2 protein chains.
Amino acid sequence: MSALTNAIEILRCFSSARPDLSFADVMALTGKPKSSTSRLLRSLRDCGLLEQDPHTRRYRPGLLTFELGRLHRAHDDLISMAERELREVCARTGHTGYIAVLDGYEQVVLRIVPGSNPLRVVNPPGQRTPALATSNGRAMLARLSDEDIRARVPSTYPKLPRNSPQNFKQAMARLDEIRRTGLSEAADESIEGVGSQGFALKSGETGEMIGIAVSYSVQATTVAERANVRRELTAMAAKLRRLTGDQLDPVITRAQAGTR
Amino acid sequence: MSALTNAIEILRCFSSARPDLSFADVMALTGKPKSSTSRLLRSLRDCGLLEQDPHTRRYRPGLLTFELGRLHRAHDDLISMAERELREVCARTGHTGYIAVLDGYEQVVLRIVPGSNPLRVVNPPGQRTPALATSNGRAMLARLSDEDIRARVPSTYPKLPRNSPQNFKQAMARLDEIRRTGLSEAADESIEGVGSQGFALKSGETGEMIGIAVSYSVQATTVAERANVRRELTAMAAKLRRLTGDQLDPVITRAQAGTR
DNA sequence: ACGTCAGTTCCAAAATTCGGAACCATGTCC
DNA sequence: GGACATGGTTCCGAATTTTGGAACTGACGT
């Protein structure tokens with residue numbers, strides 16, 4: 001195992017659930033001996049990837065990670081274009097907008113557009129969630145080939161919230177529905193009482209794919225309002241697909257043909 | 001040189017001025033041979049610290065850096081308390097607020113509070129600037145011992161903007177002034193036409209230090225308005241010092257005594 | 001006084017990295 | 001079509017690092 005692999009193993013121990021770790025935590029999480037942990041933690045601290053609270057002695061991500069994190073996709077055309085459009089939809093509807101990317105079978109929130117209806121933001125940027133449990137996560141998965149999806153979902157199907165697909169077959173059924181309708185919907189999944197609608201956008205130029213979703217309180221919205229969100233999203237999707245040269249893959253055409 | 005050191009050397013090549021790099025760029029910037037660069041770049045990409053544009057083949061910070069970056073000081077009490085107060089001052093005055101930390105002889109912007117007077121934000125979070133060229137940078141330096149300051153400033157004094165101190169002696173004179181008045185001021189330095197006032201806050205509990213500043217257009221503000229900002233900042237400083245147990249160090253008393 | 005946490009230091013064995021050279025795949029220019 | 005540039009990959013022996021168990025340190029807590 002290379003030093004870099006070990007370093008990454010330590011860095012991956014940090015998450016929004018565990019934003020700082022003690023020496024013992026790191027040892028337990030990585031299973032590495034004391035001396036190795038000591039050396040590595042020191043290197044990471046010295047280079048700025050981690051910092052250490054002088055009082056509690058706990059470690060947390062450092063200034064360098066902050067600086068680099070700010071650089072990530074800072075000049076990404078696809079994202080800024082999508083964000084601009086999403087901002088307008090959120091301003092009109094008052095709901096909260098999300099932009100996310102797919103990583104394995106999880107999605108990571110990249111951008112949030114807070115709505116005027118103050119729905120507490122529980123998914124800040126950087127948040128990682130199983131893609132099958134969110135509307136835009138499923139929208140992104142739906143644009144992959146069936147083999148690719150199968151390869152991404154862990155062999156032991158993960159335990160997902162109540163209203164998310166509970167096994168691979170249910171998941172594929174929902175993805176097929178998204179392929180048919182072009183829009184993905186969720187309600188009462190990761191967060192109780194919260195619903196969302198989303199779609200996936202794939203740049204024709206770079207092949208880069210992002211998920212775009214609008215989120216709202218299920219209780220506080222009417223059926224009509226949700227239909228309005230659907231119209232807004234469909235219009236935004238059409239516009240963005242035109243601007244980015246996103247042609248819905250032949251995969252979808254095949255899937256449609258198969259299910260008809 | 002360890003693999004980690006090399007990895008960091010590559011990561012440090014990225015900055016807001018150079019948010020993505022080609023293979024050749026990395027080779028030139030690190031001076032490493034082709035094979036080493038290839039191996040390392042691949043490792044960094046595979047572990048998610050970098051990603052590669054499939055079209056242009058250029059490298060940029062990856063998803064993992066984004067996730068970790070979001071975790072950096074996410075639950076930092078000193079910063080959230082300061083941000084809360086700064087938000088109020090910015091709402092009252094309409095100016096833009098900054099929170100930064102010191103790293104060596106540079107400062108890094110951590111948080112921005114946009115003002116209502118839309119002054120284009122040229123210093124986004126993550127931005128690195130010589131501390132001697134900003135108001136809160138100098139405010140933070142002023143709270144260090146003279147030896148510490150001397151150790152941080154490079155032996156060949158850096159080329160700073162017109163109105164910043166042009167040599168070590170001038171710099172120390174400005175820091176001494178900050179030590180006397182407790183407030184730091186800047187005008188037409190890093191950015192032409194922009195002025196700012198700031199101070200440094202140091203937690204009595206953790207020893208952590210941050211710089212807090214308010215920034216405005218010099219042309220668009222009157223002397224009276226700048227005096228108002230001074231009053232606001234002085235009041236905020238007093239309140240935050242009380243809340244965080246920040247006692248202005250004896251160093252300052254000594255400096256005061258020395259200059260009197 | 002005793003235990004715990006958080007490290008550090010040492011050392012020889014084991015594993016990784018290093019870098020030059022050769023090779024290769026694309027894309028562009030003439 | 002051929003030459004050249006960019007952006008890599010692969011190979012291999014030598015050189016350098018990393019590894020992990022064990023012993024030791026130092027600050028707190030009770």
Side-chain angles (χ1 to χ4, degrees), chain A residues 1-14 18-62 71 73 75-76 203-208 245, chain B residues 1-14 18-62 64 71 73 75 203-208 245:
Chain A
M1 248 197 188
S2 73
L4 185 58
T5 315
N6 288 317
I8 296 300
E9 199 185 350
I10 291 186
L11 292 180
R12 285 203 187 276
C13 294
F14 294 89
R18 286 202 227 88
D20 63 348
L21 298 170
S22 71
F23 186 93
D25 291 339
V26 175
M27 267 185 68
L29 287 164
T30 61
K32 292 271 174 251
K34 217 178 182 186
S35 53
S36 307
T37 306
S38 171
R39 265 192 308 260
L40 217 35
L41 238 24
R42 190 193 345 196
S43 307
L44 288 168
R45 167 159 46 86
D46 290 350
C47 74
L49 244 24
L50 293 182
E51 41 183 59
Q52 189 175 23
D53 186 305
H55 185 59
T56 66
R57 320 240 68 205
R58 293 173 74 82
Y59 297 86
R60 58 180 183 225
L71 256 33
R73 303 206 190 184
H75 301 283
D76 188 303
S203 163
E205 208 180 333
T206 67
E208 182 186 2
Chain B
M1 247 197 189
S2 73
L4 185 59
T5 315
N6 288 316
I8 297 300
E9 199 185 349
I10 290 186
L11 292 179
R12 284 203 187 276
C13 294
F14 294 88
R18 283 202 229 90
D20 63 348
L21 297 171
S22 71
F23 188 94
D25 291 340
V26 175
M27 267 184 66
L29 287 165
T30 61
K32 292 274 174 245
K34 220 176 178 187
S35 54
S36 307
T37 307
S38 173
R39 264 192 310 261
L40 217 34
L41 238 22
R42 193 200 335 207
S43 308
L44 288 168
R45 166 159 46 86
D46 290 350
C47 74
L49 243 26
L50 293 183
E51 38 184 60
Q52 189 175 20
D53 186 306
H55 184 59
T56 67
R57 321 240 67 204
R58 294 173 73 82
Y59 297 87
R60 58 181 182 223
L64 180 58
L71 257 34
R73 303 206 191 184
H75 301 282
S203 163
E205 208 179 333
T206 67
E208 183 187 1

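Note that the coordinates shown come from a computational prediction; the quantities given were computed from them, not determined experimentally. In what follows, chains are A, B, ... by sequence order, proteins preceding strands, each numbered from 1.
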Assign A/Ser22 to base, sugar-phosphate, or nothing according to its heavy-atom contacts below 4.0 angstrom with the strands shown. sugar-phosphate
Nearest whole angstrom, please: distance from the [atom2] of [N] to the [atom1] of [X].
X       : N      : atom1 : atom2 : value
A/Gln52 : C/dT8  : CD    : C1'   : 13 Å
B/Ile10 : C/dT17 : CD1   : C1'   : 13 Å
A/Leu21 : C/dC5  : CG    : C1'   : 15 Å
A/Arg57 : C/dA6  : CZ    : C1'   : 7 Å
B/Asp20 : D/dG7  : CG    : P     : 12 Å
A/Arg58 : C/dC5  : CZ    : C1'   : 12 Å
B/Tyr59 : D/dG7  : OH    : C1'   : 8 Å

Can you tell me how far apart [atom1] ([X]) and [atom2] ([Y]) are? Round to the nearest 0.5 Å.
X        : Y       : atom1 : atom2 : result
A/Ser203 : B/His55 : OG    : NE2   : 9.5 Å
A/Asp20  : B/His75 : CG    : NE2   : 8.5 Å
B/Leu29  : B/Arg18 : CG    : CZ    : 5.0 Å

For D/dG8, take OP1 and OP2 only and decide whether either is under 4.0 Å from a side-chain N or O of B/Ser38. no
Between the side chain of [X] and the main-chain N/O of [Y], is any donor-acceptor distance below 3.5 Å?
X       : Y       : value
B/Asp25 : B/Ser22 : yes
A/Thr30 : A/Val26 : yes
B/Arg60 : B/Asp53 : no

Strictly under 3.5 Å: I want the nitrogen or oxygen pairs between protein and nucleotides 28-30 of chain D, one per line.
none

A/Leu44 and A/Tyr59: side-chain contact (heavy atoms from CB on, under 4.5 Å), yes or no, with the steps? CA-CA 10 Å; A/Leu44 288 168; A/Tyr59 297 86; over 6 Å; no
Apply side-chain contact (heavy atoms from CB on, under 4.5 Å) to the pair A/Arg73 and B/Glu51, showing each step before the final yes or no. CA-CA 10 Å; A/Arg73 303 206 190 184; B/Glu51 38 184 60; 2.7 Å; yes
Per-nucleotide protein contact string for nucleotides 13-23 of chain D, where B marks a base within reach and S marks sugar-phosphate only (heavy atoms under 4.0 Å, - for neither): ----SSBBBB-
Where is the tightest heavy-atom contact between B/Ser43 and A/Leu4, given as atom of each residue plus distance? CB-CD2, 3.5 Å
